[in-house]
Number of protein chains: 2
Amino acid sequence: MTERDGTLDGVHRRNLSKLLGLVHLDGPLSRARLTTLTGLNRSTVAALAGELVDLGLVVERAPDPTNRVGRPSPVIAADPRVLALAVNPEVDAVTIAAVALDGSVARRERVEVDHLLAPDEVAALVAATLERWRSSHLQSSRFLAVGLAVPGLVRASDGMVRLAPHLGWADAPIRTLVEQATQLPVTVGNDASLGAVAEHLFGAGRDVDDLVYLNGGASGIGGGIVLGGRLVGGAGGYAGEFGQNRPGIALTADRRADGGVLEDEVSRARLLEVAGLTTADEPTLAAALADSIRPGVAQELARQRRILATALANAVNALNPSLVVLGGFLATVADSDLAALEAEVAEQAMPAAFEQLAIRTAALGEDRLMIGAAEAAFSSLLADPLAGLPIGPVHEQR
Amino acid sequence: MTERDGTLDGVHRRNLSKLLGLVHLDGPLSRARLTTLTGLNRSTVAALAGELVDLGLVVERAPDPTNRVGRPSPVIAADPRVLALAVNPEVDAVTIAAVALDGSVARRERVEVDHLLAPDEVAALVAATLERWRSSHLQSSRFLAVGLAVPGLVRASDGMVRLAPHLGWADAPIRTLVEQATQLPVTVGNDASLGAVAEHLFGAGRDVDDLVYLNGGASGIGGGIVLGGRLVGGAGGYAGEFGQNRPGIALTADRRADGGVLEDEVSRARLLEVAGLTTADEPTLAAALADSIRPGVAQELARQRRILATALANAVNALNPSLVVLGGFLATVADSDLAALEAEVAEQAMPAAFEQLAIRTAALGEDRLMIGAAEAAFSSLLADPLAGLPIGPVHEQR
DNA sequence: TCACATTTGGGGTCAAGGGCAACATATTCG
DNA sequence: CGAATATGTTGCCCTTGACCCCAAATGTGA
């Protein structure tokens, strides 16, 4: 792959990749539009598109009725029958989805579990689901890859889950297990990192190349960093674990936890407590907090917001992103008084860095992790459409 | 540039760039070695090398006498007559150097100044020095570009210095000024960011693709981040300002400054104070601290080390680098008890992230900023050797 | 209403340019 | 002199791009 870079078909592969990436991210595009976007010759685009059609990756359909002068241009779209299987194992359930190359979620299933699943149990469940879906109404489709979003530390090099405390996994070779069970290429990523990718490509961070994503979950705070349009992994792929950071806490009265770790100070559990709840999903918690007249609710929200602001300012100073995306209960904390949060960040961040900064809450809903995991699964295909196609060109029968 | 990407000569340009980059970074290489490193065909490498020779960017010399079997292979080396002018304006002096494409510093001059220079004064000084050097013994060389390392916030898009408090600059269009004065393309960067680049390419961070660099100077703490082998700029190019961060301070007794900003807590001024000095250069301060039996010296070093450890752990959790490089007085603080610093970082960083981490002090001396600035100045040439050559191909006369 | 101009874009052919394979040759060591 | 390593040269292949012609839509005037 890295060897074939300076050669002729390197160009060809890159062009195929560029075309496929465009229709994947921007949706259906006319061939004429593709020529202008790629800067390539019409003939070249036509040839490339034809090749992608032969590979079964895109479909070419009749021109959209446009009320303009001139010959209509055929529309190229990602083939919705090209699927990735996205998997998110969690404490109480495993969510599995079939995500198409056009970004749509073709099917989605949440399998509740009564005990913590071991890695091999997850692999078996994934394989069984895959088999079931293949033989049901997704027959005309083909699954090219599997992507897992795991709540824990994932080593990028080999897809090993180093530590996933809530799942009870340590050094779990989940990639190998799922690969053996499904006979498909598997990618594994940290859930928050994949959420960051999803928000970057399809959510609040569209058209933004430098963003920090922070997600507040039941078990802590995870994050992902996109800089220059690329997910930042770091040396081992563990980057983005802001939850373990120790931000400065200006008011000693604001301290709760001993170590001063962000996810101990800013936590869903503390919000549930002041709301007088024991368990709730995110909208319920948000509503309860908004409506509550209980003493301490506003104070606790403000306290967590102050600490969050310092953590965000630290990240902004270090990374100078143009966007911070907050998800999960952090969105709830932010929404409780967005102006105050922004003011507190502005106070602690460098002015030059803050002036380009926007703070938004996550735009994607529950599909976020599925889309992020599928994106990771598709990434090698998108980078080089000719490599790694398991079954080779698809010859249409007519 | 972005348009010519998928085309034929895009390959050619990339291959030229790859070859030039290799001899630039790794020093002289035999043509045979280049073929294996690039993965290209021998014929191709020969043609490319010849082209670079014609462009006056590399020289091809007789094979090194190697005592091995086989035909000797000609050696390709970056042409030492290709120069960039590196400039570092500081409070008390302006340092200017001629840095060659092979990494050597051909000439270096420190111009002491008796008042803070305004941006246009710096531009005039640079132009005058350039003229002087051109007409003296650097006649056979040619200056291709100018790189400035500025102690302040530099907007990447247009080389505007947004704020350089110690120079007294605000919104100074230094790039335009120097470009007009010298008639050369100019790049401007933050001094610490360029130091990070230099350490990454030629110093303690060779062969390391993910590093965080922190430099302790008289006026504060600056930093630079290299991830995936690339300098991280962020949206505006201001990334790396760790000095403005607020790390958690575990012991309330350790707090000194009100805001809790890193560079107020961990500062050279406080070290000078406990050492009983008013002013000193870095080696003097380090020696004084090491020899001192004054009360409080060890305590202050330990205090600063504890806070620095938290700041480093925060960076490690967020970015998962494989190396942290400490320069300036931070190297002094670290060297006072490196094992303790490592232990304190280990305690506060995620184990998975810490296990791949090394903490080192900067390897490059005073030339660091010159090399970093020159690297930035050369970057466009290295990225595309055919573009931006001001005077076109050099035709050798024989 | 119908022919015709205008505009936009597809199809096909051929040329150009860059990299590669193959064959022949050169240089050093044992 | 043979083995090993590496260069030089020539012809070929492959991909892109330019060119010419045609196709499909809209608008217009007799």
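Within every chain, numbering begins at 1; the chains are lettered A, B, ... in the order of the sequence lines, protein sequences first and strands thereafter.
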Requested in this report: Quickly work out the B:Ile76 CD1 to D:dA6 P distance and round it to whole Å.
Outcome: 14 Å

Query raised in the report: Under 4.0 Å between a side-chain N/O of A:Ser73 and OP1 or OP2 of C:dG10, yes or no?
Result: yes

Requested in this report: Consider the side chain of A:Thr44, meaning its heavy atoms from C-beta on, and name the nucleotide among C:dC20, C:dG19, D:dG17 that approaches it most closely.
Outcome: D:dG17

Query raised in the report: Out of D:dT16, C:dG11, C:dG9, which nucleotide sits closest to the side chain of A:Arg31?
Result: C:dG11

Query raised in the report: Taking B:Arg81 as the fixed residue, which of B:Asp102, B:Leu101, B:Leu57, B:Val59 is the one that meets the side chain to side chain contact (heavy atoms under 4.5 Å, CB included) rule?
Result: B:Val59

Report task. Could you check which of C:dG11, C:dT28, C:dT7 has an atom nearest any side-chain atom of A:Val69? Result -> C:dT7

Query raised in the report: What's the CG-P distance between A:Leu386 and D:dC14, to the nearest Å?
Result: 15 Å

Query raised in the report: Ignoring hydrogens and angles, are the base of C:dG10 and the side chain of A:Ser43 linked by a donor-acceptor pair under 3.5 Å?
Result: no

**Report entry** Given D:dT16, D:dA24, C:dA21, the nucleotide with the shortest approach to the side chain of A:Pro72
**Finding:** D:dA24

Query raised in the report: Can you find a side chain N or O atom of B:Asn15 that sits less than 4.0 Å from OP1 or OP2 on C:dG18?
Result: no

Query raised in the report: So, B:His200 side chain and B:Val208 main chain: donor-acceptor pair closer than 3.5 Å or not?
Result: yes

Query - Nearest-angstrom distance from the residue atom CD of B:Glu51 to C1' of C:dG17 - result: 12 Å

Query raised in the report: Going from CZ on B:Arg42 to OG1 on B:Thr36, what distance comes out if it is rounded to the nearest 0.5 angstrom?
Result: 11.0 Å

Query raised in the report: Salt bridge check: are A:Arg31 and A:Glu60 linked by an N-O gap of less than 4.0 Å?
Result: yes

Query - Nucleotide D:dT16, atom P - distance to NE2 of B:His12 in whole Å - result: 17 Å

Requested in this report: Return the value, rounded to whole Å, for the distance between atom CG of B:Asn41 and atom P of D:dC14.
Outcome: 16 Å

**Report entry** Spacing between B:Leu40 atom CG and C:dG18 atom C1', to the nearest angstrom
**Finding:** 11 Å

**Report entry** Toward the 5' end of DNA chain C, by each residue's nearest nucleotide, B:Ala47 or B:Arg68
**Finding:** B:Ala47

**Report entry** pair B:Leu16-B:Glu51: side-chain heavy atoms closer than 4.5 Å
**Finding:** yes

Query raised in the report: Using a cut-off of 4.0 Å on non-hydrogen atoms, how would the nucleic acid contact of B:Pro63 be classed: base, sugar-phosphate, or nothing?
Result: nothing

Report task. Take the protein atom CZ of A:Arg42 and the nucleotide atom P of D:dA23, then report the distance between them rounded to whole Å. Result -> 16 Å

Requested in this report: Could you tell me the separation between the CG atom of B:Leu34 and the C1' atom of D:dT7, rounded to a whole number of Å?
Outcome: 14 Å

Query raised in the report: Taking for each residue the nucleotide of DNA chain D with the nearest heavy atom, is it B:Pro74 or A:Arg71 whose nucleotide lies nearer the 5' end?
Result: B:Pro74

